[in-house]
Number of protein chains: 2
Amino acid sequence: MPQSNSANISACSTCNLAELCLPVGLTAQEMQRLDELNMQKHSFSRGDYLYRSGDRFRALFAINRGAFKTRILHEDGREQVTGFQMAGEIIGLDAISTDRHDGEAVALESSVVCELPFQKLETLSRDIPSLQRHLHKIMSREIVRDQGIMLLLGSMRSEERVAAFLLTLSQRYAMRGLSPTQFQLCMSRQDIGSYLGLKLETVSRAFSHFQDEGIIAVKTRSIEIIDLALLQASINSSC
Amino acid sequence: MPQSNSANISACSTCNLAELCLPVGLTAQEMQRLDELNMQKHSFSRGDYLYRSGDRFRALFAINRGAFKTRILHEDGREQVTGFQMAGEIIGLDAISTDRHDGEAVALESSVVCELPFQKLETLSRDIPSLQRHLHKIMSREIVRDQGIMLLLGSMRSEERVAAFLLTLSQRYAMRGLSPTQFQLCMSRQDIGSYLGLKLETVSRAFSHFQDEGIIAVKTRSIEIIDLALLQASINSSC
DNA sequence: CATGTTTTTTGACTCACATCAAACCCAATT
DNA sequence: AATTGGGTTTGATGTGAGTCAAAAAACATG
């Protein structure tokens, strides 16, 4: 996985908080303040936990390289993947409400993250109003995203879900300046299934079916979207 | 670290922003500031829209009386209910990210809400840091809540979903000092189904089945929870 | 390279929920 | 009292996705 090289994101490479700085337009002075917090860097390899269930959560993390999945665990062991995070994104926002947090983030690839302790964030955001407002934006986006997934889980058939999943992945890669039609999946069929509320076999069948139709080309974790319009259409058609 | 709190909605009745003031512990002076914004009051009756799809969203609303459902609409007409809001709660938070918003809130009962224009809220929160922090809390809670629903939609059977729904309703009524075992539903079977990713018939069957088991008593929209422990158990049992 | 392990694909079968349809209830209206 | 209409319950039937199982492919290891 090459380190993120998108034009937008590199603008904030100095503070290692790519997504955080990106749309807010912090001044040089404000960015310096971020550096003064001397944030710690952590390296994770595949399968490592970013923070464990039961532990109180104390920090935000910006992903510099690699990918994570976030999940919540039911008492009886059932897991639900709540999202996939890639380089240039932030995880841990939900934990700002320190009351109850039973979520985890698990590395899907070798990853590097940058930790920003929450206490410091709070004092910081008092000084930098734009940061405060920007955190709102991120959280709002998270809520909107979650509600989109609720729509997906609540009222779409299996193949529509997989199509929607591929399309959002495509968009996210495009936003990073990478190819929107040819990319590597960084997660297993199992994880995709959990995220979409499906079993891994169903995900596999959907991939195979789209391939038979000539919409995509699949080779294990390599995906090529051949007919993007058809993929779009397959979300609305089957209703 | 923000101090913990105990629920007492009446403490904030003066400013009509029950939930907003509740856990944040605004000072008398701060509450007066809120009043100076001379917020508009709106009255809604059943089925009215709080804000319409396509319109840019400009405000937060605190519900003084009545109930709402929030929903998002797919292009092809499919709707997904994303939540139910009752008196003392706030709706519209997801719309702070003004970019794209295709959600709606629809009154389920005759309702009174109190509008707080967003622009003013922003200037206000610069003056009152605790309000800013509290908005974070609310949004965090929203995210946590949504992710709980994702778990529900992704990995629970129909009866588990209905049981979980009744239990969270029970908790919410308890928080308001109302009976947690005997209450009125303010939404139709259809809405419950949409919220839980089920058809209305399935919801009805689940109610009937729980009634046959002696766990609850149902009379159209009146619910009495007879055996709360059994209802709890029915979430974990069937796996 | 051979070997064991994990992930993915594919097939056959089952079941939970959706779908379709009819009856019922209750409140509002004539 | 009869009628209308929305919401709810209940039954009969169909189907999409889960389950079980086994083979194939990809990956890891000595």
Side-chain angles (χ1 to χ4, degrees), chain A residues 45-47 69 78-81 106 108-110 152-166 184-213 216-223 234-235 237-239, chain B residues 45-47 69 78-81 106 108-110 152-166 184-213 216-223 234-235 237-239:
Chain A
S45 48
R46 186 173 174 174
K69 66 174 175 183
R78 270 178 289 188
E79 95 163 13
Q80 167 82 26
V81 173
V106 180
L108 294 169
E109 313 174 35
S110 205
L152 181 147
L153 291 173
S155 59
M156 285 190 186
R157 338 207 139 284
S158 64
E159 293 196 354
E160 298 179 280
R161 299 186 197 192
V162 174
F165 174 71
L166 288 176
Q184 290 282 116
L185 299 175
C186 59
M187 67 294 280
S188 69
R189 302 284 188 269
Q190 176 116 263
D191 285 334
I192 299 172
S194 171
Y195 181 59
L196 299 176
L198 301 170
K199 290 293 146 180
L200 63 98
E201 294 97 327
T202 309
V203 175
S204 177
R205 273 184 245 271
F207 279 149
S208 298
H209 184 233
F210 285 140
Q211 184 161 236
D212 292 347
E213 305 270 302
I216 63 173
V218 189
K219 187 149 192 276
T220 52
R221 297 207 179 182
S222 303
I223 298 285
S234 65
I235 295 183
S237 63
S238 67
C239 184
Chain B
S45 49
R46 187 173 175 171
K69 67 173 175 183
R78 271 178 287 189
E79 95 163 10
Q80 167 81 26
V81 173
V106 179
L108 295 169
E109 313 173 32
S110 207
L152 181 148
L153 291 172
S155 60
M156 285 190 186
R157 333 206 143 282
S158 63
E159 294 195 353
E160 298 179 279
R161 299 186 196 192
V162 174
F165 174 71
L166 288 176
Q184 291 281 118
L185 299 175
C186 58
M187 66 295 279
S188 69
R189 301 284 188 269
Q190 175 117 261
D191 285 334
I192 299 173
S194 170
Y195 181 59
L196 298 177
L198 301 170
K199 291 292 146 180
L200 64 96
E201 295 97 325
T202 309
V203 175
S204 177
R205 274 182 243 271
F207 279 149
S208 299
H209 184 235
F210 284 141
Q211 185 161 236
D212 292 346
E213 306 269 303
I216 64 174
V218 189
K219 188 150 190 275
T220 50
R221 297 210 179 180
S222 303
I223 299 286
S234 66
I235 294 182
S237 65
S238 67
C239 185

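Below, read A as the first sequence line, B as the second, and so on, with proteins coming before strands; counting in each chain starts at 1. Basis for what follows: all heavy atoms, side chains included, without hydrogens, waters or symmetry-related copies. Predicted model, so just to flag it, every value in this text is computed and none were measured.
- Nucleic acid contact for A:R161: none, since no nucleic acid atom lies under 4.0 Å from a heavy atom of the residue.
- The two residues B:I192 and B:V203 make their nearest non-hydrogen contact at CG2-CG1, 3.9 Å.
- For the pair A:M156 and B:T220, nearest-nucleotide mapping onto DNA chain D gives the more 5' position to B:T220.
- Rounded to a whole Å, the CD1 atom of A:I223 is 12 Å from the C1' atom of C:dT8.
- Applying the 4.0 Å criterion to OP1 and OP2 of D:dG7, one finds that B:S188 has every side-chain N and O outside that range.
- In this structure, B:Q80 CD and A:L152 CG are separated by 9.5 Å, a value rounded to the nearest 0.5 Å.
- With hydrogens and angles ignored, a donor-acceptor pair closer than 3.5 Å exists between the side chain of B:E201 and the base of C:dC20.
- The residue B:R205 sits close to a base: some heavy atom pair falls under 4.0 Å.
- Closest approach to the B:K219 side chain among D:dA17, C:dC26, C:dC17 is made by C:dC26 (side chain taken as heavy atoms from C-beta onward).
- Side-chain atoms of A:R189 do not come within 3.5 Å of backbone N or O of A:K199 as any donor-acceptor pair.
- The side chain of A:L198 has D:dG18 as its nearest neighbour among C:dC17, D:dC20, D:dG18.
- Distance B:I192 CD1 to D:dT9 P: 9 Å, rounded to the nearest Å.
- Summarising the geometry, the separation between CD on A:E159 and P on D:dG16 is reported as 10 Å, rounded to the nearest angstrom.
- Among all heavy-atom pairs drawn from B:Q211 and B:V218, the shortest one is OE1-N, 2.8 Å.
- The separation between A:L196 atom CG and D:dG16 atom C1' is 16 Å, rounded to whole Å.
- What separates CG of B:D212 from P of D:dT9 is a distance of 12 Å, to the nearest Å.
- Atom C1' of nucleotide C:dT7 and atom CG of A:L108 are separated by 15 Å, given to the nearest angstrom.
- The side chain of B:T202 lies closest to C:dC17 when the candidates are D:dC20, C:dC17, C:dT7.
- Between A:R189 and C:dT9 there is a side-chain polar atom (N or O) within less than 4.0 angstrom of OP1 or OP2.
- C:dT9 atom P lies 10 Å from atom CZ of A:R221, rounded to whole Å.
- Closest to the A:S204 side chain, of the nucleotides D:dA17, D:dT10, C:dT8, is C:dT8.
- Closest of all the heavy-atom pairs between A:F207 and A:L185 is CZ-CD1, 4.2 Å.
- The residue A:G197 sits close only to the backbone: its heavy atoms come under 4.0 Å of sugar-phosphate atoms, none of a base.
- For A:S208, whose side chain is taken as the heavy atoms from C-beta onward, the closest listed nucleotide among C:dT10, D:dA17, C:dT8 is C:dT10.
- Spacing between atom CG of A:D191 and atom C1' of C:dT6 amounts to 14 Å, rounded to whole angstrom units.
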